[in-house]
Structures are given as C-alpha cells and as structure tokens.
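Per chain, numbering begins at 1; letters A, B, ... match sequence-line order.
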There are 2 protein chains.
Amino acid sequence: MNIEPSWDFYRSFLTVLRQGSLSAAARELGLTQPTIGRHIDALEEAVGAELFIRSSNGLLPTDVALDLQPYAEMLATTAAALLRTASSQRDKVEGTVRISASEVIGIEVLPPIIADLQDAYPGLQVELSASDALEDLMNREVDIAVRMAEPQQDALLVRRIGDIPLGFHAHRRYLERHGTPQTMAELAGHRLIGFDRQTAYIRMMRKLHPLADELAYSFRTSSHLAHYTAIRAGIGIGICQTGLARPNPDLVHIMADEFEIPLGTWVAMHESLKTSPRCRVTFDALVRGLLNYIKSCKETRA
Amino acid sequence: MNIEPSWDFYRSFLTVLRQGSLSAAARELGLTQPTIGRHIDALEEAVGAELFIRSSNGLLPTDVALDLQPYAEMLATTAAALLRTASSQRDKVEGTVRISASEVIGIEVLPPIIADLQDAYPGLQVELSASDALEDLMNREVDIAVRMAEPQQDALLVRRIGDIPLGFHAHRRYLERHGTPQTMAELAGHRLIGFDRQTAYIRMMRKLHPLADELAYSFRTSSHLAHYTAIRAGIGIGICQTGLARPNPDLVHIMADEFEIPLGTWVAMHESLKTSPRCRVTFDALVRGLLNYIKSCKETRA
DNA sequence: CGATGTTCATATATTTATGTATAGCGATGC
DNA sequence: GCATCGCTATACATAAATATATGAACATCG
C-alpha cells in the first residue's frame, strides 16, 4: 500500500466482479481484455491480496474480492450520482432523474405519469428502477423514491400521497365458471392467488382480515406483478390495486364493500435535491400523478 | 456526457476543491500542475459545465462544483474504506482501523486504551478522528465509533458501556482564593465556565438541574475539551468527567454528592465488520477500556 | 473426436497521458 | 517601482498505458 491506486482500477474491479470475466468487463467498459487484466494485476499488487482466481473460462472472485464488492458498488452509484447532478443544467429542467418504485407501481402506474412529464419537459431523462428492493435515498442510489412505508430518516423531503386501495379481483371468465363469492366465507371453495413470502403488506392483511389466514391458495408468487397478471389471466381470485383493475372491463372487483386494504404511499427525495429543478419538477409530477391515480381508484366504474 | 469520465478525474477534482489550486492539488497527489489542469478540463468537458473560475492565484469553485463536492467526498471515503479493508489480512490483526470519538474521549480517554491494544497487536494501525461532528458508520467513514447517544440504525453492532459521570470541578488554586461552594445556590457568586452552544448534553443538564439555567458564566466555550482545560487552568468552576479529574491531585470534585450528570456511552460498528479480526479486536478493546474507565470514575479518590 | 467459440496470457506497436520547461499574469513586499 | 513569489497556460519531449495480434488452455457441440 505504497501509493493509492488509480480509482479507475476500482471501476475495472467492479466490472470484472459483475461480468465474471476480463473480456466481458472489457466489452462493458469499452476497453480491451489485456488492459482490464493489467488493472486487476495492479490492484492486487496494491492491496497485497489475490482478488480473483484466473481460469480459462473466467475469473472467480476470492473472499477478499467479495468483501470489497459493496464498497465498489457504492463507488459506482456515487460516481453515477455525481455525474447525474453535474450534467444537468442548474436552472433548466434537463438531465437525468433516477426514480425507484415498487414493481407494480413502476410498471403499471408510473409510465403514463412520466409520459406527461416528459411531454412538458422534453429535455428530461428518466431512469426507473422498478423493484421491490428498496434503494437508498441517502446515498443517492436514486433521486426520488415512491415508497409503501413512511421513510423515517431526516434530511428527506417526504410527501404522503394517501392510501392506494387494494381489493379482491378476478377475471370475468373465471367468475362465469366458478361463481362470484359474496362473503369472505364463500372464498373458501375458490382458486385463490397468494403470496409465497411474508411481507409487511401481507402481515397487515392478516391483521385486518384474520380469515384470510385460513384460506387455501392454489397459486402463489412472491411478485406482486405476477400476482396481478395471474388475476388478469383468469387463474383465480387475488388481491390487486383497484385502480389497476378498474380500466379493464374484464376484471371484476369482488366484495368491494366488505374488503379493502389501504396501502399507504409516500414520495420522498433527498432534501438537498429540492433546489434542483429537474428533481423538483419530477417530484411534483409524481405527487400529482399519484394523487390522481388514488382518486381514480375510488371512483365507481362508469 | 458521451462516455463516462475516468474516476481519477473525480479524485483530482476533489483535491482541487480542497486545496484551492491546481498546483497544490498536484503536490498533494504526487502529480504535476498541467496534469491536474487537464483532468479538470476533461471533467468540465464531460459534464458540460464550468467547475472552476481560474485566476492567477488559484481556482474558485463554481456553484456546480460545490454541489458536486459531497459526492466527491463520499467517493474518497469509500475508496479509503475499500483500501483499508483490502489491505488488511483477513485472519490477522493487521491493517488500519478508523475510530471516531468525541474530542474529550478521543484525546483524554482513548490514547491509553489504544496504546495497550497496539502493544498486544503491533501490526495494527489506528486512525483516530477526535471530533464532535459525528461521522457515518453506514458509509464507513469510520469503522468504529464511540458515541454519546444510542445509535439507532439497524445493521450496527452496538454495545452500551454505561454512564460516564460528569460533575463540577475546579482547580485547588481557584478554590483556595474563592472558597468551595457546598450547594447549588452558592455557585451563584462564582466564576463559572459555560458552553456557548446548545447541545443535547446541555439541554439534559438543564432538565436535571433547573438551577443551572440561571447561573452567570464568566467563561464560555463550545469545546468540551477547552472547557476541561479551562478548569485545569484555574479559570473557575466547570463541569467535566470525574474520571479525568480524579488522577489529578490539583483538581477538586465539588458537590460530588449533590450533582452528577450521567453521560450515556455506546460503542458501535457496522455489523459486516465483525468478521474482520482487526475491527473485532479493536471493538472489544474499546469496550473493555471504556468499562474500566467508567469504573475508575466511580472510585473515590485514594 | 475434431471444429468452434470461449477464456486468459504474452509480446509488440501505437496511442495517450504525463512530466519538463517556459512564458504570462497578478499579488505582495522592500 | 522593481523584484519576488505564487499561480495558470502552453509547447514539447518522454514515459506510461493502451490496443493489436497471437498463442495456449478449456468448454461445447455436431
């Protein structure tokens, strides 16, 4: 550890970790395989530890390398955040905004909101991370997050949107064959779609409706999105956001009056970004769009 | 923003920000002024914004550059953390550990503890950040922190040490001239040493002893350390850790029975570091050393 | 079992980045 | 008011990092 290694070595290191080979990393970075190889050699030399076991079909990371991966990942996200901030004009709505949202929200709800936003601001680029793994606002992995739980940290600008209503739904085709249950008890004989993991959301459901606990599920998935598409495919009865089902005439909201789960929704961003026009504008558009969405959930179908 | 700039540019950028000139940054990094200048040029080109206003006596950062500084700082701390982790042997107690503690603890209490630790492990390097600004354990600005408030975040390995007792102290010389107060009320006529900023610690003191609020202070400082040295210099009566005063025969603990503030103390480190022998060993040594210190605080003087 | 497509390692050529030397500018001090 | 000292900017020579080309090892597939 004589002299600090080039920070570019860390980038090469991370890329090799992710790609699994020097060649693939080289393609990714627009460099060549010997170059990446030399970077890894130099880094190993600098830290005095072996980082990869070379083989003729790739590089296998050592334990040391795996220990270092989180740091390298953070370097990458920070560098990306820096670049994002830098290359956006200060007083114009331009540049890239990274948004994080759950799969369902990100895929089914946000696109039209983002489309409107980009109509208004053609220079605005949006990166959407639609995943249920929550990304860190403090470290700026994302600029803005739509969350289903209230963000606790200070230094965040948080806006509560309200509750997205969830309810039992099924495809018209399914109901024509199996009948439409009118009470929770009648659900017992039906093909039910369930979740295969315990999430906060499921625990809440059990709390609200203890009966749900005893139901037998014939299809389970950990993905809320797959859950929704399973309903749409007529597999059985499941729970989804009423606002998703409403525009689709084939989807029927079951026991609309007896059963509803409210899904609290927040939009959050780092306070320091509120002076950034592109973030400010996107934040506001998300708030407005999601408020409209919740409003539309509660309208009775035309 | 065609191609991602070299990460080394960020390092040069940060160093210029910190040093205020290309030449100074070059000296810092072991490069030359034209090289750093080219890095800045290239970075400005890449992000499409002016980062510095050049003048013949240095570089003045633009607002854009100042916005980017926190990101660059984080890159630097992360790179340092990576290197620290990498260059320590996995199964040996070697390499560098970064510790954060308050000024008083870091300067007056920890050194003997660290001395013992390094006697036991000669290969262990310690970096001590003795500052009342709290550094982030999550982002590994430091590996281990001694805190006066309970760390809240998950993913931290936290050990409560107990309460460090604080009390009124004065130099024997002062008391010989001005007399020794026996009650809180008698403090009124004395030269008192106070704090010039509101801290959680002071608010707590007020809560415990409302009288303290009405006292007139003749010397104020925001630094706890300066507060302590002011007592030692005989400026007047002030509050400090009883354990600091006890070994010094010239310092007298006043109203030992009437007045005591307990200062809760915790040692914390990131959970992922508990597999690192050097961190583990240092953590344990700090816990042990601080427990001894608290014990010594409570012993009556020989 | 040989052909093909991977991979990494090595030697050589080329490009790129860096260092050196110097000039110009502005502030400070005698 | 001139000398000095710091800084940046530029031109040029050099050193360093890179790409290219190739060979050897291993897996996959017909």
Side-chain angles (χ1 to χ4, degrees), chain A residues 1-47 49-66 68-69 72 75 79 83, chain B residues 1-47 49-62 64-66 68 72 75 79 83:
Chain A
M1 197 186 118
N2 234 344
I3 197 161
E4 194 191 353
S6 163
W7 286 8
D8 284 338
F9 294 172
Y10 301 140
R11 172 165 60 182
S12 299
F13 166 71
L14 176 61
T15 312
V16 172
L17 266 175
R18 285 176 171 169
Q19 303 285 331
S21 83
L22 297 178
S23 309
R27 285 191 294 272
E28 177 78 17
L29 291 173
L31 298 170
T32 58
Q33 167 258 318
T35 297
I36 305 294
R38 280 184 291 253
H39 285 183
I40 300 300
D41 287 344
L43 191 56
E44 287 181 329
E45 173 71 22
V47 305
E50 198 178 30
L51 296 173
F52 296 95
I53 301 166
R54 273 99 161 149
S55 81
S56 60
N57 59 342
L59 272 74
L60 193 71
T62 63
D63 289 346
V64 179
L66 293 174
L68 301 182
Q69 182 156 16
L75 285 175
L83 205 55
Chain B
M1 197 185 115
N2 235 345
I3 197 161
E4 195 190 352
S6 163
W7 285 9
D8 284 338
F9 294 172
Y10 301 139
R11 174 166 57 181
S12 299
F13 166 71
L14 176 61
T15 311
V16 172
L17 266 175
R18 285 176 171 169
Q19 303 286 330
S21 82
L22 297 178
S23 309
R27 284 192 293 272
E28 177 79 16
L29 292 174
L31 298 171
T32 57
Q33 166 259 319
T35 298
I36 305 295
R38 281 184 290 251
H39 285 183
I40 301 300
D41 288 345
L43 192 55
E44 288 181 327
E45 173 72 21
V47 305
E50 199 180 28
L51 295 174
F52 296 95
I53 301 167
R54 272 99 161 151
S55 81
S56 59
N57 58 341
L59 272 73
L60 193 71
T62 63
V64 180
L66 293 175
L68 301 182
L75 284 175
L83 205 55

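For Arg38(B) and Glu44(B), the salt-bridge test fails: no basic side-chain N is under 4.0 Å from an acidic carboxylate O. Remark: Glu28(B) does not engage Arg18(B) in a salt bridge, criterion side-chain N to carboxylate O under 4.0 Å. Salt-bridge check for Arg54(B) with Asp41(B): passed, with a basic side-chain N closer than 4.0 Å to an acidic carboxylate O.
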Stepwise side chain to side chain contact (heavy atoms under 4.5 Å, CB included) test for Tyr10(A) and Leu43(A):
CA-CA 8 Å; Tyr10(A) 301 140; Leu43(A) 191 56; 3.8 Å; yes
Please evaluate residues Leu22(A) and Phe52(A) with respect to the criterion side chain to side chain contact (heavy atoms under 4.5 Å, CB included), reporting the C-alpha separation (whole Å), side-chain torsions for both, the decisive distance (0.1 Å), and the verdict.
CA-CA 11 Å; Leu22(A) 297 178; Phe52(A) 296 95; over 6 Å; no
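Here the P atom of nucleotide dT8(D) and the CD1 atom of Ile53(B) are 14 Å apart, to the nearest Å. To the nearest angstrom, C1' of dT20(C) lies 17 Å from CG of Leu22(B). If you take CD of Gln19(A) and C1' of dC8(C), they are 16 Å apart, rounded to a whole angstrom. Straight-line distance from the CD1 atom of Ile36(A) to the C1' atom of dT7(C): 15 Å, rounded to whole Å. As rounded to whole Å, 15 Å separates atom P of dA17(D) from atom CZ of Arg11(A). Protein atom CD of Gln33(A) is 18 Å distant from nucleotide atom P of dG5(C), rounded to whole Å. Nucleotide dG6(D) holds its C1' atom 17 Å from the CG atom of Leu60(B), rounded to whole Å.
In plain terms, the two heavy atoms of Ser6(A) and Arg11(B) that are nearest each other are CA-NH2, 3.6 Å.
Summary for the helix from dC1(C)-dG30(D) to dC30(C)-dG1(D): the axes at its two ends, each from 5 pairs, differ by 20° when rounded to the nearest 10 degrees.
The shortest side-chain heavy-atom distance between Ile53(B) and Leu59(B) does not fall under the 4.5 Å cut-off. Looking at Glu4(A) and Leu83(B), their side chains come closer than 4.5 Å, going by heavy atoms from C-beta outward.
Within the 4.0 angstrom heavy-atom criterion, only backbone atoms of the sugar-phosphate kind lie near Gly58(B); the bases stay farther away. In this structure, Ser23(B) reaches the bases: a heavy-atom distance under 4.0 Å links it to at least one base atom across the strands shown.
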Write down the protein N/O and nucleotide N/O pairs, taken from nucleotides 24-30 of chain C, whose separation is under 3.5 Å; answer none if there are no such pairs.
from	atom 1	to	atom 2	distance (Å)
dG26(C)	O4'	Ser56(B)	OG	2.9

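Note: Phe13(B) CZ to Leu75(B) CG = 10.0 Å, rounded to the nearest 0.5 Å.
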In 5'-to-3' order, the base (B), backbone-only (S) or no-contact (-) status of each nucleotide in nucleotides 11-18 of chain C, using a 4.0 angstrom heavy-atom cut-off, is -------B
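In this structure, Arg54(A) does not reach the dT7(C) phosphate: none of its side-chain N or O atoms is under 4.0 Å from OP1 or OP2.
Counting only distance, with no hydrogens or angles, the side chain of Ser21(A) and the backbone of Gly58(A) share no donor-acceptor pair below 3.5 Å. A distance-only check finds no donor-acceptor pair linking the side chain of Thr35(A) to the backbone of Leu31(A) [under 3.5 Å].
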